[in-house]
Amino acid sequence: MNKIFSILLLLLLLPSISAFSPFTVPHNYKSSSALFSIADYKADFQVSPKTFLLDVREPNEWAEGHLKYAPPAPLSQLTSGRWMDNTNGKYYPGTFPIDRYTSVAIMKNLKIYVHCKMGERAKQAGELLNQMGYQNVVVIEETFDELVAAEICELMTGEVQSLTD
């Protein structure tokens, strides 16, 4: 009986113990699942047109096919440059994502969904955006093909002509 109690106690405490494991990588961005991201993105976009869907694939990938409402924000561009943390005056690598319609950096209080071809670059971009102070970042784990199949919005082709095309 004592063994069963010990095992049950361990099972109940295991999630909280693993949260303090030195091998856990903390992150503030939300990670999505198919049920969450696609349905919620559609709902968020209809409620607020200031919900952003950033495509962090490279320009050649974006030109081959992209979601109509997903401006290009290549990970290579996001990780270039430097930004200053206003709280401590230190500079860090990275470049703020630009709102293509206003030509200024996306405001930090807006919801940003991030996607790429397979999910890995989106995770890296999500971590970077969190470091930059964006607190409402959702990393979409679905592949680009899965997003296209879900018909989030129209599929487009062609290169970026200008910041506001």
Side-chain angles (χ1 to χ4, degrees), residues 19 23-86 91-165:
F23 300 107
T24 302
V25 177
H27 62 279
N28 294 326
Y29 67 83
K30 299 174 189 101
S31 188
S32 68
S33 68
L35 294 176
F36 169 80
S37 66
I38 293 169
D40 281 358
Y41 174 73
K42 284 181 176 181
D44 281 349
F45 196 77
Q46 288 177 2
V47 170
S48 172
K50 280 297 181 183
T51 297
F52 287 89
L53 174 61
L54 294 182
D55 187 335
V56 296
R57 297 175 303 146
E58 293 304 310
N60 61 320
E61 295 173 283
W62 191 86
E64 290 173 7
H66 57 272
L67 300 173
K68 181 177 182 176
Y69 299 117
L75 183 62
S76 62
Q77 181 180 358
L78 289 175
T79 56
S80 68
R82 291 167 38 111
W83 63 278
M84 185 182 81
D85 185 338
N86 292 335
Y91 286 89
Y92 298 94
T95 302
F96 290 100
I98 301 297
D99 178 341
R100 295 179 61 226
Y101 300 103
T102 63
S103 302
V104 297
I106 295 173
M107 294 173 52
K108 293 182 180 183
N109 64 339
L110 297 176
K111 188 171 219 172
I112 301 175
Y113 286 88
V114 184
H115 85 89
C116 65
K117 183 174 180 161
M118 299 302 290
E120 188 59 37
R121 289 177 284 182
K123 288 177 190 175
Q124 293 173 16
E127 290 172 359
L128 177 62
L129 292 171
N130 275 147
Q131 290 170 359
M132 296 172 125
Y134 291 91
Q135 295 302 312
N136 205 357
V137 177
V138 179
V139 172
I140 298 177
E141 294 176 345
E142 287 75 35
T143 67
F144 177 72
D145 292 337
E146 290 170 330
L147 293 176
V148 169
E151 298 179 346
I152 286 178
C153 58
E154 188 179 346
L155 179 66
M156 309 288 288
T157 59
E159 296 183 18
V160 178
Q161 301 302 316
S162 70
L163 190 60
T164 57
D165 72 339

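In this chain, residues are counted from 1 in sequence order.
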Given side chain to side chain contact (heavy atoms under 4.5 Å, CB included), test Leu110 with Asn136 step by step and report yes or no. CA-CA 7 Å; Leu110 297 176; Asn136 205 357; over 6 Å; no

Side chain to side chain, Ser76 and Glu58, heavy atoms closer than 4.5 Å: yes

Yes or no on side chain to side chain contact (heavy atoms under 4.5 Å, CB included) for Arg57 and Arg121, after CA distance, side-chain angles and deciding distance? CA-CA 8 Å; Arg57 297 175 303 146; Arg121 289 177 284 182; 3.9 Å; yes

The criterion is ring pair (Phe, Tyr, Trp, His ring centres under 6.0 Å); which residues satisfy it with Tyr92, sequence neighbours excluded? Trp83

His115 versus Phe144, closest heavy-atom pair with distance: CE1-CD1, 3.5 Å

By side-chain contact (heavy atoms from CB on, under 4.5 Å) - contacts of Pro71 (at least two apart): Leu54, Arg100

Would you please name every residue forming a side chain to side chain donor-acceptor pair (under 3.5 Å) with Ser80, sequence neighbours left out? none

Can you sort out the partners of Glu120 under side-chain contact (heavy atoms from CB on, under 4.5 Å), two or more places apart, ordered by chain and number? Lys123, Gln124

Val137 versus Gly126, closest heavy-atom pair with distance: CG1-CA, 3.9 Å

Inter-residue atom distance Leu78.CG - Met132.CE, 0.5 Å rounding: 7.0 Å

Within the 3.5 Å criterion, strictly below it, is a donor on Thr95 or Gln77 matched to an acceptor on the partner's side chain? no

Note: Cys116 and Ala122 closest approach over all heavy atoms is SG-N, 3.4 Å

Going from NE2 on His66 to CD on Glu154, what distance comes out if it is rounded to the nearest 0.5 angstrom? 9.5 Å

Between Asp99 and Ile106, which heavy-atom pair has the shortest distance, and what is it? N-CG1, 3.7 Å

Side-chain donor or acceptor of Trp62 paired with backbone N/O of Ala73 under 3.5 Å: no

Val56 and Ala125: which non-hydrogen atoms are nearest, and at how many Å? CG1-CB, 3.8 Å

Rounded distance [0.5 Å steps], CD in Gln135 versus CD1 in Ile112: 10.5 Å

The criterion is salt bridge (Lys or Arg N to Asp or Glu O under 4.0 Å); which residues satisfy it with Glu64, sequence neighbours excluded? none

About how many Å separate NZ of Lys117 and CG of Leu147, when rounded to the nearest 0.5 Å? 13.0 Å

Please list all pairs passing the ring pair (Phe, Tyr, Trp, His ring centres under 6.0 Å) test where one or both residues lie in residues 118-143, with sequence neighbours left out. none

Nearest heavy-atom approach of Cys153 to Leu67 is SG-CB, 3.6 Å

So do Thr79 and Pro93 actually touch side chain to side chain, heavy atoms under 4.5 Å? no

